[in-house]
Asks: 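My structure is below; once you've seen it, I'll send some questions.
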Amino acid sequence: MARALVLLLVVLVSLLVNQGRASDNQRLFNNAVIRVQHLHQLAAKMINDFEDSLLPEERRQLSKIFPLSFCNSDYIEAPTGKDETQKSSMLKPLRVSFRLIESWEFPSQTLSGTVSNSLTVGNPNQITEKLADLKMGISVLIQACLDGQPNMDDNDSLPLPFEEFYLTMGDNSLRESFRLLACFKKDMHKVETYLRVVNCRRSLDSNCTL
Amino acid sequence: MRNSGAVLILTFIAKLILQAAGVSPPGKPRLTSCRSPEKETFTCWWEPGGDGGLPTTYALYYHLENSETVYECPDYRTAGENSCYFNKNDTSLWVNYNITVVASNALGKNISDPVEVDVVYIVQPNTPENVTAVVVHDEQGPFVRVSWEKPRTADTRSGWITLIYQIRVKQEKDEKWEEYDAGMQKYYNVFSLHPDKECMVQVRCKPDHGFWSEWTQTTYVKMPNYIPRERSLWILITIFSIFIVLILTWTLNVKRNSMKLCLLPPVPGPKIKGFDKQLLKSGKTEEIFNTLVIQGFPPTTDYENLLVEYLEVYDNEKQELVLDGKELSEDFMKSKSSSDNDSGRGSCDSRTLLLEKCMDGREGSGSDQHQYSQHGETSWASTESSESQGAEPGYPESTDGRAKTWPVVFPQPHHHSPVGAVKPAYHSVPEILNQLSPHATPSNYHQLHHQDIPQQELWFSKSACRHSQSYNQFNLDVIDTPAPGVPPLPSLEYVEVQRVNPENMLLLRPLNREPERSDCTGEDYSKVKVVTSHNILLLQRDTSHQCVDDYSQADQCTTQQPPHPCKPAVHQWNSVMPQEGMRVMGNGYVDSTVLMPSF
């Protein structure tokens, strides 16, 4: 009888703990989604400001250059459709997100220099800090998802992409700036989408059902 | 060579024929828009550029940004005419599509401009569905609850796409819609709607980064007729205000008297100094009026004193220095007073008459000239300028236009031209005075009624009123001068003063000669050199070298002349000290204000 009680207690406690942890994770996830959403909005605003500050001849010059967004992150294999995203495990989008964020940590320092309107960016290191925070959060989430399982994915061990990618390409500073901003925006949107999908998949009481 | 030439010519001719026939290669098509409703598929539409009269076919080609492989549109029909539908399999997100449309007909083809599209940024969802609006009755009043559902195609559940909604409401006869943001929720409560009116509701949605969808169809709902609760509030306010009004009225009533005193202070009765109300009441009018009379007003001094005595110094050509007499002879006074009445005199002598005549002709300062000679008194030529031009230091002008009969002395004989405006030199006065000082009465300021001015010639400048008659009517009682009597001059001319006889008369003689005089502009005015002890102004002539030559003929270069460029100066009066009370200013002018008598 006592043993049964103890067992029951242990189960209850573990459940609670799990729930706590789950809610904790949930909170983390929500937090991560909010953060990346903010980053994406920032990226969108930056590129809008950049386009607004262009002179007409510069605009024409830019429009003639196609394609514009040869991004550094193109090499990172990421699901490009909903089905693909949903069919993959939970970890894959997370891992991809992690790598994407990581790939932007260094080039983000040059981002603030491209935008003329300093009010958008404010602190030049702001983006880098946010990216660093997000990266850490995602790694926590990955750990939580892994949940003790060993990390079987090989992709993580791949070397980081060519970090100087954005800094050495081409001479045209206008084109480079635009490309930098466009790629940043795109990658942030990717991460946001992935995190949202994973978040919704994980739990039912998030806003996904709305 | 010849073949190619022939081919060219043939094609040219063919083109011409075709053009004449109205057929041509197709116009350039244009991609109008590409849209994705759920971020999984997308559709592109184009508009044809003109088929050129022949059946034209359109083909859409695309390639992804990182590959050169060109694909053709997989589905031309699903989305309708002139469209291309990309299904899930063909849609890749976060990749740029480079799309072009090619129009081709029998005669040729035409390629549209390429368009770069990233599916993620062209999302425009379908409209929300099942919009319902219901009136909910609440204790605070009825309101409308609007609810809807997400568009069917958007997959929000998996988090793939997040939508935010917006609703707009319009009541009948309103012009503008009221818009409300509903966020991500699928219902909204609309308050502050007017009762008994029909209400129209529309909803639309937008992904977090994308385009707004179209508005849904209008949903109608009728608001019930209800009495707003606000009325009770108004009743309360009314009662409260009535209460306050009652209190105020009662307070006012209590404090009636003090309020009256405060608001309507008593008006003080009229009070005139020295006026006795009792006297008025007693009814003795004479006594009353006597009390009103102030002793000593108006000041009844001698008429002589009425004359304003101050020095006028003109610098105008037309004006002449007017010297005021402090005290003129009584005779003169009499004559003056009688001149006012214009009695016993000819009309020509009437001062007022002259004035009237002169007023019209005068623009600025003019000189008015009267001479009174009727009674054998000294005749004075007086000039007046009511509106004097130029500087008149220390000249308090009389405000009325009456000519003042000041004796005007224009002593300088040879400086005046008989015709035209000439400034008389005033320096002869000193010489006159100087000569006559032994004879002058102490109290007189400037005395022209001195005897023995043998060599003096007093000139009277011509008046500005040329139309006035000559006033040189002198009634010379005694003409015992060697000089001929003064015939009445037909017009105002310069006359010489022959001399002054003992009866204080100026004996004038007409000016015979009219030497040409240059305009001595330099002699506008004279400075007062000094004032003698007998209140005599000794004038100093402005040194002007222009007039030197003119005076050669005159024998005026006597010792009595004031400092003259060609003459020895008279130094007699250098020793005269200014009288006390007179101020000689630095530039030789006398401040005459001190001379003004105080009444």
Side-chain angles (χ1 to χ4, degrees), chain A residues 29-30 33-34 36-38 40-41 43-45 47-48 62-71 73-87 93 96 100 179 182-183 185-204 206-210, chain B residues 36-42 62-68 86-100 113-123 128 147-151 153-165 182-187 205 207-210:
Chain A
F29 245 115
N30 289 341
V33 167
I34 290 166
V36 74
Q37 191 178 18
H38 175 71
H40 182 209
Q41 281 166 357
K45 192 160 190 303
I47 202 169
N48 275 342
L62 213 59
S63 63
K64 286 190 205 137
I65 303 166
F66 279 127
L68 278 177
S69 47
F70 252 117
C71 286
S73 52
D74 288 346
Y75 81 98
I76 300 172
E77 280 186 34
T80 55
K82 187 182 92 168
D83 295 340
E84 202 180 331
T85 313
Q86 284 182 329
K87 280 176 199 157
V96 168
L100 282 168
R179 204 152 64 85
C183 289
K185 182 176 164 194
K186 191 170 82 172
D187 288 343
M188 291 303 110
H189 192 205
K190 261 191 200 176
V191 171
E192 187 189 343
T193 312
Y194 294 150
L195 286 180
R196 268 196 214 268
V197 168
V198 171
N199 193 14
C200 287
R201 247 207 292 180
R202 268 183 55 88
S203 65
L204 294 169
S206 64
N207 291 336
C208 306
T209 52
L210 289 175
Chain B
S36 166
E38 76 287 85
K39 216 155 85 173
E40 295 166 39
T41 67
F42 72 105
Y62 70 93
H63 70 92
L64 301 175
E65 64 175 344
N66 47 13
S67 81
E68 288 301 321
F86 294 80
N87 61 13
K88 277 192 197 179
N89 299 332
D90 299 322
T91 308
S92 307
L93 265 60
W94 300 296
V95 169
N96 275 346
Y97 281 72
N98 192 320
I99 302 171
T100 56
D113 292 330
V115 162
E116 283 262 338
V117 161
D118 190 341
V119 180
V120 165
Y121 298 123
I122 56 163
V123 181
S147 56
W148 59 87
E149 285 171 13
K150 70 167 179 67
T153 52
D155 183 11
T156 56
R157 197 186 167 283
S158 66
W160 186 244
I161 189 171
T162 45
L163 294 171
I164 56 174
Y165 300 95
M184 280 165 40
Q185 61 196 19
K186 294 201 181 68
Y187 63 93
C205 59
D208 44 3
H209 307 276

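All values derive from a computational prediction rather than experimental measurement.
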Asks: Checking Asp155(B) now: which residues fulfil side chain to side chain donor-acceptor pair (under 3.5 Å) with it, not counting sequence neighbours?
Replies: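 Side chain to side chain donor-acceptor pair (under 3.5 Å) list for Asp155(B), sorted by chain: Lys82(A), Ser158(B).
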
Asks: How many angstroms lie between CZ in Arg196(A) and OG1 in Thr162(B), if you round to the nearest 0.5 Å?
Replies: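 Arg196(A) CZ to Thr162(B) OG1: 4.0 Å, rounded to 0.5 Å.
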
Asks: Need one label for Asp118(B): side chain, backbone, both or neither, based on atoms under 4.5 Å from any heavy atom in chain A.
Replies: side chain

Asks: Give the minimum heavy-atom separation between Trp160(B) and Val197(A), together with the two atoms involved.
Replies: CE3-CG2, 3.6 Å

Asks: What's the separation between atom OG1 in Thr91(B) and atom CG in Asp83(A), rounded to the nearest 0.5 Å?
Replies: 10.5 Å

Asks: Checking Glu84(A) against chain B: side chain, backbone, both or neither under 4.5 Å from a heavy atom?
Replies: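 Glu84(A) has no heavy atom closer than 4.5 Å to chain B.
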
Asks: If you measure only the distance, is there a donor-acceptor pair under 3.5 Å linking the side chains of His209(B) and His189(A)?
Replies: no

Asks: Tell me, do His40(A) and Asp208(B) make a side-chain contact under 4.5 Å, heavy atoms counted?
Replies: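 Not touching, per the 4.5 Å side-chain cut-off.
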
Asks: Does the pair Glu65(B)/Lys186(A) count as a salt bridge with the N-to-O cut at 4.0 Å?
Replies: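 Yes.
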
